[in-house]
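This one's a predicted model, so the numbers in the text were calculated from it and none came from an experiment.
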Amino acid sequence: MIIGVIIATAVVAGSGIIIGLILGFADMKLHVDVDEKEAAILAALPGNNCGGCGFPGCSGCAAAIAKGEGEVNQCPVGGPPVAAEISKIMGVEGGEATRMVANVHCQGDCDKATSTYEYVGAMDCRVITQVPGGGPKTCTYGCLGGGSCVSVCQFDAIHIVNGIAVVDKENCKACKKCIDICPRHLIDLVPYDAAVAVECKSQDKGQLVNKYCKTGCIACHICEKQCPVGAITVENNVAHIDQEKCTHCGLCAEKCPKKAIAFLSDDSEAQELA
């Protein structure tokens, strides 16, 4: 009896030793050296794995930065604080990062834009574009209000309000997911402190725009003529603002007869000047 217990114990102990040796050998063969900088950068990143940096998740971003293939301010979600921390890890100057936020270039809500019929179906812009006319709105360039952008936002920064998408710039982290999913390409990034933006993408002629939207750009060129620094140009029947040239004077928004150029915040410096 005792001999049986001793034999069983020896077998178990021997098996454990053999397994331990095998695992130790495997660890030596399969061991991958960890880049300390990469690990530190990964720890500094917010961990959202949103892909807004252009790399596959935070681990991909950390690896790229550690290899010098990414900038220290590569993470749009972390912003300047994370960029400063990563700069310390990399031993470089972080530089100034301009905070960017998403902006929907359309004001054609249920009160301002006309519709040709009432849509009943899946609330997904990608689906709505497949129905007759590319959607119920008369304007074939405007926001469909299906909420595809809302469904992909991890930060509760975009909502459908009265039929169009509206961005809460305080919550926006510039991850670009809403930009990628919008079938009409109405969303892009603008500086957080941008004063004004052309909230229209229609390339139709002014006479037609007047028929279907109260706030659509009619390409009248008034904004272009009013801008003292040449920050506005009219191309393909719609105005465009070069935010790098814009001095926030607000003249374009003040003079626009259709109010297609909007102030981006109620307390905007430009709005006070205007």
Side-chain angles (χ1 to χ4, degrees), residues 52 76 97-109 111-113 137 139 141-145 149-150 153 155 157-182 184-204 206 209 213-274:
T98 299
R99 180 181 175 184
M100 305 295 284
V101 293
N103 181 65
V104 181
H105 293 276
C106 180
Q107 298 182 99
D109 60 22
D111 299 323
K112 297 172 184 173
K137 283 189 175 179
C139 175
Y141 294 92
C143 177
L144 294 162
C149 52
V150 177
C153 181
F155 309 101
I158 190 163
H159 306 91
I160 301 300
V161 180
N162 197 23
I164 61 170
V166 177
V167 175
D168 179 346
K169 71 177 190 178
E170 299 304 326
N171 287 345
C172 181
K173 303 300 181 182
C175 71
K176 301 181 183 178
K177 286 193 174 181
C178 58
I179 295 174
D180 294 337
I181 203 169
C182 178
R184 289 196 166 170
H185 311 292
L186 288 170
I187 309 174
D188 65 10
L189 296 182
V190 299
Y192 173 85
D193 61 356
V196 292
V198 180
E199 305 296 47
C200 180
K201 284 275 192 172
S202 175
Q203 295 182 20
D204 288 330
V209 174
C213 188
K214 294 178 181 178
T215 57
C217 178
I218 56 175
C220 64
H221 292 265
I222 289 176
C223 57
E224 191 176 55
K225 295 174 183 176
Q226 290 291 326
C227 183
V229 294
I232 304 180
T233 55
V234 177
E235 300 174 4
N236 298 321
N237 295 321
V238 64
H240 303 270
I241 296 177
D242 184 336
Q243 294 291 349
E244 292 186 0
K245 291 182 180 179
C246 180
T247 59
H248 300 192
C249 71
L251 285 173
C252 55
E254 179 187 7
K255 299 297 182 181
C256 178
K258 295 280 290 189
K259 300 305 176 186
I261 301 177
F263 291 101
L264 297 185
S265 62
D266 293 336
D267 59 349
S268 166
E269 177 186 351
Q271 193 162 3
E272 292 175 5
L273 290 172

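- The two residues Ala262 and Gln107 have their closest heavy-atom pair at CB-OE1, 3.8 Å.
- With rounding to the nearest 0.5 angstrom, the CD atom of Gln243 is 8.5 Å from the CG atom of Asn103.
- Side-chain N or O atoms of Lys201 include none that pairs as donor or acceptor with a backbone N or O of Cys106 at under 3.5 Å.
- Between the NE2 atom of His159 and the SG atom of Cys153 there is a distance of 7.5 Å, given to the nearest 0.5 Å.
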Exercise for review: Show your working on side chain to side chain contact (heavy atoms under 4.5 Å, CB included) between Asp242 and His240 and close with a plain yes or no.
Suggested key: CA-CA 7 Å; Asp242 184 336; His240 303 270; over 6 Å; no
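- Not counting sequence neighbours, the partners of Val167 by the side chain to side chain contact (heavy atoms under 4.5 Å, CB included) test are Ala102, Val104, Ile158, Cys172.
- By the side chain to side chain contact (heavy atoms under 4.5 Å, CB included) test, Cys182 pairs with Arg184, Leu186, Ile187, sequence neighbours left out.
- Counting all heavy atoms, side chain and backbone alike, Cys252 lies closest to Val196 at SG-CG2, 3.8 Å.
- Under the rule for a side chain to side chain donor-acceptor pair (under 3.5 Å), Asp193 has no partner lying at least two apart in sequence or in another chain.
- Remark: Lys112 pairs with no residue by the side chain to side chain donor-acceptor pair (under 3.5 Å) rule, at least two apart or across chains.
- Here Glu170 pairs with Tyr192 under the side chain to side chain donor-acceptor pair (under 3.5 Å) rule; sequence neighbours left out.
- For the pair Gly108 and Ile164, the tightest heavy-atom approach, listed with the atom from each and the gap, is O-CG2, 3.2 Å.
- Annotation: the span from Cys213 atom SG to Asp109 atom CG amounts to 8.5 Å, rounded to 0.5 Å.
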For a quick test of your reading: what N or O donor-acceptor pairs under 3.5 Å do the side chains of residues 222-237 make, sequence neighbours left out?
residue : atom : partner : partner atom : Å
Glu224  : OE1  : His221  : ND1          : 2.7
Glu224  : OE2  : Val234  : N            : 3.1
Asn237  : ND2  : Gln203  : O            : 2.9

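- In terms of heavy atoms, His248 sits closest to Ala195 at CG-CB, 3.6 Å.
- The neighbour count for Lys259 NZ, taken as heavy atoms of other residues, nucleotides or ligands under 6.0 Å away, is above 12.
- Between Ile241 and Ile261, the closest side-chain pair of non-hydrogen atoms falls below 4.5 Å.
- Closest heavy-atom contact between Ile160 and Gly145: CG2-O, 3.9 Å.
- Looking at residues two or more places apart in sequence or on another chain, you find a side chain to side chain donor-acceptor pair (under 3.5 Å) between Asp168 and Asn171.
- Remark: Cys139 engages Tyr141, Ser202, Tyr212 in a side chain to side chain contact (heavy atoms under 4.5 Å, CB included) (not counting sequence neighbours).
- Counting only heavy atoms from C-beta outward, the side chains of Glu199 and Thr215 never approach each other to under 4.5 Å.
- Residues that satisfy the side chain to side chain contact (heavy atoms under 4.5 Å, CB included) test with Ala174, not counting sequence neighbours, are Pro76, Met100, Leu189.
- Residue Lys214 qualifies as open at atom NZ: its count of foreign heavy atoms under 6.0 Å is 12 or below.
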